[in-house]
Amino acid sequence: MYTAISITYRFFLFDEQKRYFEKLAIYCNHYASLIPMSFVLGFYVTLVVNRWWSQYTCIPLPDQLMCVLSGGLQGSDERGRLLRRTMMRYASLSALLILRSVSTAVFKRFPTVDHVVEAGFMTREERKKFESLQSPYNKYWIPCVWFTNLAAAARCEGRIKDDNTLKLLLEELNAFRGKCSMLFHYDMISVPLVYTQVVTLAVYSFFLVCLIGRQFLDPAQGYPGHDLDLYVPIFTLLQFFFYAGWLKVAEQLINPFGEDDDDFETNWLIDRNFQVSMMAVDEMYGDLPLMQRDRYWNDSNPRPPYTAATVFVLRKPSFQGSTFDMALPKEEMHFQPLEDIAENLEESSRRQSNMALLNRLLNVTAPNSSGLMGGALRRTSAQLQRLRQYPSVDPSTSEEEEEEKEGSTVSKESLPSGRRQDSQSTVCSFKERCVGAPLLDMQFGEDPQVLRIEEDGDSLKQAEDLTSTASLLPPPPTQPKNTRPVSAITPRPCALLQPIDPSHLEHSSSQPIINQHQAAVSTLRPASGVHGTSCAQPQRARSVSMGLEITEPQQNNDFIQS
């Protein structure tokens, strides 16, 4: 067909007709690729091949059943021999009946039940019993029921010693009967005919389009991809061989119980199974060869010999595992003392528990870590750590330098690396809080003993609420006459600051700051030893929620002005 179309195009068409044919060929070649040949045909062949192999594995074989029957049903007398042969013949009869129903070759060999009786698979009495049982369905399962009845009779006679042997025998029979049933269902439910028709139509349509689309066109016309004129489409022929051959393979395997050369040899299987099963349960029953010592009786490492063609196998080392040749440095092969391991584990667990407690406190109290409250708590924790490490202040350090150290300590030590930039914007100096967005405008008047705090109008109510708290504080000790200015605070010989009680921290952190206009002042406590004469310097307290540092004069009580 391809040659006829090519000759017609080259010698019998006019120039105008050739141009039209060339456009048609280019069109067919372009749109032929839209047919998913590989997917449709590949999926269909895969389904057929899996079905074909499953049908072969479902052919009932009597090997397991005959072994269990030969070892389970005892008795070397004529009665025992008759029971074993009859039960094995019933199993072969059931397989013959189902193969006769699904295989064309077996049906031609045994077209009627009379042929089955004449072949010796069924007696005449059994045929009468078989035909007397009226059922509109296939009766391949009747010999299996006869088998179970004989097994029960043998158990009652004591030829089957225990119930476990009877159970094993019936399980093997049920597996044998199940394979017969699967063959029947495979024959009843085949591959949908529509699917087969779709695949066949797709293959033939594809190559009919290729008859026109794969033609070699005139190179003088300059069509893309048509620079050569080879006359014979080699790759199109190969593609046809592959796809058409693939389809023919599926057509051959879709029914393996026919008479083709590639179908199952069911008649040979019937002959083999019947002969082997009868030999196993009759002639080989109780037939044991003389036991004697093997040739490796005294050899602790028995090794069968090799021929000259297989001696190369001895040169290959035996497989010991994937890590058999793994090498480790000597310094990594020494065992570590258990005490060091326990100390490392204990230190690691203690550090993790402390960090988990701090993270839980921050998460519960300040869910928004980027907010003002979260920054205050982080600064507070940093100040607690700093107070724990540095209980005193260098006298030569000014207030501004101290505040810069505090800011750097908070940003470097007490905060995670991902939040340092965030926290640096919230850590403010004593004189000016949060440059660009001040929270409190704090100024010192002419009298350094009085601290004035000016707030916005929105925080008046908060200041009034805190006034009562501040009024309950104990009066500070008296201040000596040589009071130094606020900018140069000298340390006291005793502790400058008292450790902040966790209860005060919890009480203070429960009052969040909103919109950077409200601040909660923590409870101020006098340091230990303030009533003594050695503690003469101004007392400093820190706000827990905001980290404020407030210098108290020791002559007058503090007051808050709005």
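Side chains included, hydrogens not; waters and symmetry mates left out as well; all remaining heavy atoms used. In what follows, residues are counted from 1 in the order of the sequence shown.
Taken from CZ in Arg124 to CD in Glu118, the straight-line distance is 8.5 Å, to the nearest 0.5 Å. To the nearest 0.5 Å, the span separating CG on Asp263 from OH on Tyr56 amounts to 13.0 Å. Atom CZ of Arg10 and atom CZ of Phe216 lie 8.5 Å apart (nearest 0.5 Å). Once rounded to the nearest 0.5 Å, the distance linking CZ of Arg155 with CG of Asp163 reads 4.5 Å. Between the CZ atom in Arg85 and the CE atom in Met88 there is a gap of 11.5 Å [rounded to 0.5 Å]. Ser6 OG to Ile212 CD1: the interatomic distance, rounded to the nearest 0.5 Å, is 12.5 Å.
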**Request:** Given side-chain contact (heavy atoms from CB on, under 4.5 Å), test Glu126 with Tyr90 step by step and report yes or no.
**Result:** CA-CA 10 Å; Glu126 293 168 354; Tyr90 285 159; 2.8 Å; yes
**Prompt:** For Gln197 and Leu193, what are the C-alpha separation, side-chain angles and deciding distance, and is it a side-chain contact (heavy atoms from CB on, under 4.5 Å)?
**Reply:** CA-CA 6 Å; Gln197 293 175 348; Leu193 181 61; 3.5 Å; yes
**Request:** For Val232 and Leu237, run side-chain contact (heavy atoms from CB on, under 4.5 Å): C-alpha distance rounded to whole Å, both residues' side-chain angles, the deciding distance at 0.1 Å, then the answer.
**Result:** CA-CA 9 Å; Val232 179; Leu237 289 176; 4.1 Å; yes
**Request:** Please report the C-alpha distance between Gln74 and Lys161 in whole Å, then the side-chain angles of each, then the deciding distance to 0.1 Å, and finally whether the side-chain contact (heavy atoms from CB on, under 4.5 Å) criterion is met.
**Result:** CA-CA 8 Å; Gln74 305 295 327; Lys161 298 300 181 181; 3.9 Å; yes
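For the 3.5 Å distance criterion, the side chains of Gln215 and Tyr9 fail to qualify, holding no donor opposite an acceptor. Checking Ser38 against Tyr243 by side-chain atom types alone, a donor-acceptor pair falls below 3.5 Å.
Around the CD atom of Glu171, the shell of radius 6.0 Å holds more than 12 heavy atoms that belong to other residues, nucleotides or ligands. Within 6.0 Å of the CD atom in Glu16, the count of heavy atoms belonging to other residues, nucleotides or ligands does not exceed 12. In this structure, Ile234 places its CD1 atom where only 12 or fewer heavy-atom neighbours from other residues, nucleotides or ligands lie under 6.0 Å away. When the shell of 6.0 Å around OH of Tyr223 is examined, it contains more than 12 heavy atoms from other residues, nucleotides or ligands. Applying the 6.0 Å contact sphere to OH of Tyr31 captures no more than 12 heavy atoms from other residues, nucleotides or ligands. Heavy-atom contacts from other residues, nucleotides or ligands closer than 6.0 Å to CE of Met188 number more than 12. Other residues, nucleotides and ligands contribute over 12 non-hydrogen atoms within 6.0 Å of the OH atom of Tyr296.
Ionic pairing of Glu125 and Lys129 is not present here: no N-O contact between side-chain nitrogen and carboxylate oxygen is shorter than 4.0 angstrom. In summary, Glu265 and Arg272 do not engage in a salt bridge, as defined by a charged side-chain N under 4.0 Å from a carboxylate O. Salt bridge status for Arg81 with Glu78: absent, with no side-chain N to carboxylate O gap under 4.0 Å. Ion pairing of Glu251 with Lys248 is present here, as a side-chain N (NZ or NE/NH1/NH2) and a carboxylate O approach within less than 4.0 Å. Ion pairing of Arg127 with Asp114 is present here, as a side-chain N (NZ or NE/NH1/NH2) and a carboxylate O approach within less than 4.0 Å.
Proximity of Glu157 to Leu83: side-chain heavy atoms (C-beta onward) are separated by under 4.5 Å at one or more points. Under the 4.5 Å side-chain criterion, counting only non-hydrogen atoms from C-beta, Lys108 is in contact with Glu259. Put simply, the side chain of Arg51 reaches to within 4.5 Å of the side chain of Ser190, judged on heavy atoms. Under the 4.5 Å side-chain criterion, counting only non-hydrogen atoms from C-beta, Ile270 is in contact with Phe121. The shortest side-chain heavy-atom distance between Asn267 and Ser103 does not fall under the 4.5 Å cut-off. Side-chain atoms of Arg79 and Arg159, non-hydrogen and from C-beta on, do get closer than 4.5 Å to each other. Inter-residue side-chain proximity for Leu65 and Leu169 is flagged as met; some heavy-atom pair is nearer than 4.5 Å. Residues Leu99 and Leu269 have side chains not in contact (no heavy-atom distance under 4.5 Å, counting atoms from C-beta outward).
Pairing each heavy atom of Cys144 with each of Leu173, the nearest pair is O-CD2, 3.7 Å. When all heavy atoms of Leu183 and Val102 are compared, the closest pair comes out as O-CG1, 3.9 Å. The two residues Ser54 and Tyr186 have their closest heavy-atom pair at CB-OH, 3.1 Å. Between Ala250 and Tyr44, the shortest heavy-atom contact is CB-CE2, 3.4 Å. When all heavy atoms of Leu73 and Gly80 are compared, the pair lying nearest together is CD2-O, 4.0 Å. Of all heavy-atom pairs between Ala95 and Cys180, the closest is CA-SG, 4.2 Å.
Ring geometry for Phe130 versus Trp146: interplanar angle over 60°, hence perpendicular rather than tilted (30 to 60°). Ring-plane geometry between Phe43 and Phe39 is classed as parallel, the angle between the planes falling under 30 degrees on a 0 to 90 degree scale with a further cut at 60.
Between the side chain of Thr148 and the main chain of Val145, a donor-acceptor pair closer than 3.5 Å is present. Within the 3.5 Å criterion, the main-chain N or O of Arg214 finds a donor-acceptor partner in the side chain of Tyr2. At distances below 3.5 Å, at least one donor-acceptor pair connects side-chain atoms of Asn174 with backbone N or O atoms of Leu170. No donor-acceptor pair closer than 3.5 Å links the side chain of Arg89 to the backbone N or O of Gly120. Side-chain atoms of Thr323 never come within 3.5 Å of backbone atoms of Met326 as a donor-acceptor pair (strictly under, hydrogens ignored). A donor-acceptor pair under 3.5 Å is formed between the side chain of Ser33 and the backbone N or O of His30. Under the 3.5 Å distance criterion, the side-chain polar atoms of Ser205 are left unmatched by any main-chain donor or acceptor of Ala202. Remark: the backbone N or O of Gly75 is paired with a side-chain donor or acceptor of Arg84 at under 3.5 angstrom. Judged purely by atom type and a 3.5 angstrom limit, Asn50 uses its side chain to pair as donor or acceptor with the backbone of Thr46. Checking side-chain atoms of Thr86 against main-chain N and O of Leu82 turns up a donor-acceptor pair under 3.5 Å.
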